[in-house]
Amino acid sequence: MGCDGGTIPKRDELVRKKKRAEQKDKVAQRSFLWRHCNISQTPLHDPVVACGLGRLYNKDSLILALLDKTLLPETAGHIKSLKDVKELKLTQNPSYEASIDKGDQYVDHQSSPYICPVIGHEMNGNFKFCFSWGCGCVVSERAMKQLKSNLCHKCQSPVAPEDIVVLNPADEDLDLMKSRMEARQAKIKAEKKSKKIKQEIKEEVDTDSTKPTENGCSSSSGIIPKVEKTVTVKIEKNGFKRPAEGNLSMKNEDFKKTKSEYSVAKDPNASTVYKSLFTSSSIAQNQMKAHWITYNPFYN
């Protein structure tokens, strides 16, 4: 700058100006936001999921981040499990051609792999897109306003206004998505709590109905059966139990043997070998030696 050779310096070469802060390219930033995963920063690919705040993620990247909490960024801290996200049903753009930016050719970064199935707008950030939390179908906001229907334009499932989530919201839309997400989570918790209370009440009713009443019958049907007769049991000296006289007769043949008039020798079902064990048998009465069990000396 010594003015050699007749050079004339300019003012911006002599006066130092304050450097301005670099500004981000909003168009490039918006395009990157709509075409890349919010966690891994890799290009979006099927299956694509979205959270209650409308941010886009690759499902495999989100699963890895949930398994390894260190990979989960602060912007996705509200996601605790896969129940906090919804898998999106996107419509492919037939005119989209995937290409790698090598620097030696022009790449249209405004072209999007997904479009609105109703009016054909590309999902590149120039238009608002939203989806229903119930079905996950993605359409443009302009299509929803023009058609004005309580049914999904793609799958015809019912859509509630509070279940609509705007993708990549900003400013006022972001606050609205936060309030809707909190309301949705509170509703799910209330339903779980009411379901748990109903289950506990049902279990208590079941346990009360299966408890035996005073007469030993269950009151599950609400009708207590009437008992016409009762059976009393008499304990004899020999330790056997048999029903008292005048009561219901026992059908079990084993209890008939406890009666005093019963004799093994007269029992047609008893075998000869079994009868010979008792002194009442004809073999035991005719033998000349004492019985081997009772040691009967046959005194005269």
Side-chain angles (χ1 to χ4, degrees), residues 24 26 28-93 96 98-101 109-117 121-141 144 152 154-155 157 159-160 162-189 191-192:
K24 295 181 180 179
K26 293 183 179 180
Q29 184 181 7
R30 183 173 62 247
S31 177
F32 185 87
L33 193 64
W34 282 84
R35 298 183 62 175
H36 293 78
C37 174
N38 195 264
I39 293 178
S40 61
Q41 310 301 322
T42 56
L44 291 174
H45 58 81
D46 295 331
V48 180
V49 297
C51 62
L53 298 180
R55 298 191 176 101
L56 301 174
Y57 312 92
N58 288 326
K59 190 174 182 179
D60 52 357
S61 300
L62 180 62
I63 293 174
L64 291 176
L66 291 174
L67 295 175
D68 188 359
K69 298 297 183 181
T70 58
L71 301 177
L72 196 67
E74 295 181 359
T75 55
H78 59 282
I79 302 176
K80 306 300 181 183
S81 65
L82 290 178
K83 294 181 181 180
D84 298 329
V85 296
K86 190 70 178 180
E87 186 171 344
L88 302 180
K89 298 177 183 177
L90 299 166
T91 304
Q92 299 291 334
N93 185 2
Y96 174 76
S99 59
I100 301 175
D101 189 1
H109 294 284
Q110 294 301 317
S111 179
S112 174
Y114 308 109
I115 60 172
C116 173
H121 283 168
E122 293 188 359
M123 199 175 73
N124 53 13
N126 294 332
F127 305 96
K128 283 186 179 181
F129 275 73
C130 52
F131 71 95
S132 172
W133 190 262
C135 60
C137 297
V138 180
V139 295
S140 62
E141 188 182 42
M144 296 189 70
C152 177
K154 192 173 181 180
C155 64
S157 60
V159 177
E162 59 272 10
D163 290 338
I164 296 176
V165 181
V166 179
L167 293 176
N168 291 323
D171 303 332
E172 296 180 358
D173 291 336
L174 182 60
D175 296 335
L176 180 61
M177 293 304 104
K178 286 182 179 179
S179 61
R180 286 183 179 179
M181 182 182 67
E182 292 173 356
R184 197 181 303 112
Q185 292 176 350
K187 183 179 179 181
I188 294 174
K189 288 182 180 179
E191 290 178 353
K192 287 183 178 179

After noting the C-alpha distance and the side-chain angles of Leu56 and Leu88, does the key distance pass the side-chain contact (heavy atoms from CB on, under 4.5 Å) rule?
CA-CA 9 Å; Leu56 301 174; Leu88 302 180; 3.7 Å; yes
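- Atom CD of Glu172 has 12 or fewer neighbouring heavy atoms from other residues, nucleotides or ligands inside a 6.0 Å radius.
- For Asp171, the CG atom sits in a loose shell: 12 or fewer heavy atoms of surrounding residues, nucleotides or ligands are nearer than 6.0 Å.
- Atoms CG and NZ, from Leu33 and Lys26 in turn, are 14.0 Å apart once rounded to the nearest 0.5 Å.
- Distance check: Lys154 NZ to Thr91 OG1 gives 3.0 Å after rounding to the nearest 0.5 Å.
- Across every non-hydrogen atom of Leu44 and Tyr114, the tightest pair is O-OH, 4.4 Å.
- Distance CG/Leu53 to CG/Asp175: 10.0 Å, rounded to 0.5 Å.
- Taking every heavy atom of both residues into account, Ile79 and Leu72 meet most closely at O-CD2, 3.9 Å.
- Between the Arg180 side chain and the Ile164 main chain, a donor and an acceptor come within less than 3.5 Å of each other.
- Without hydrogens or angle criteria, Arg184 side chain to Gly52 main chain gives no donor-acceptor distance under 3.5 Å.
- Taken from CG in Asn38 to CG in Asn168, the straight-line distance is 8.0 Å, to the nearest 0.5 Å.
- Contact annotation: the side chain of His45 approaches that of Asp60 to within less than 4.5 Å [non-hydrogen atoms, C-beta and beyond].
- Leu62 contributes atom CG, which lies 11.5 Å from atom CD of Glu87 (distance to the nearest 0.5 angstrom).
- Two residues are said to be in side-chain contact when any heavy atoms from C-beta on lie closer than 4.5 Å; Asn126 and Arg30 meet this criterion.
- Scanning both residues, Asn58 and Ser40, for their nearest heavy atoms gives ND2-OG, 4.3 Å.
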Would you be so kind as to tabulate the donor-acceptor pairs closer than 3.5 Å made by side chains of residues 128-135, with sequence neighbours excluded?
unit_1	atom_1	unit_2	atom_2	d
Lys128	NZ	Asp173	OD2	2.7
Ser132	OG	Gly134	N	3.3

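- Pairing each heavy atom of Trp34 with each of Met123, the nearest pair is CZ3-CG, 3.3 Å.
- The shortest non-hydrogen separation linking His78 to Cys51 is NE2-SG, 3.3 Å.
- In this structure, the side chain of Asn124 does not engage the main chain of Ser112 through any donor-acceptor pair within 3.5 Å.
- Here the CG atom belonging to Leu90 is positioned 11.5 Å from the SG atom belonging to Cys116, to the nearest 0.5 angstrom.
- Here the shortest heavy-atom pairing between Met177 and Pro169 reads CG-CG, 4.0 Å.
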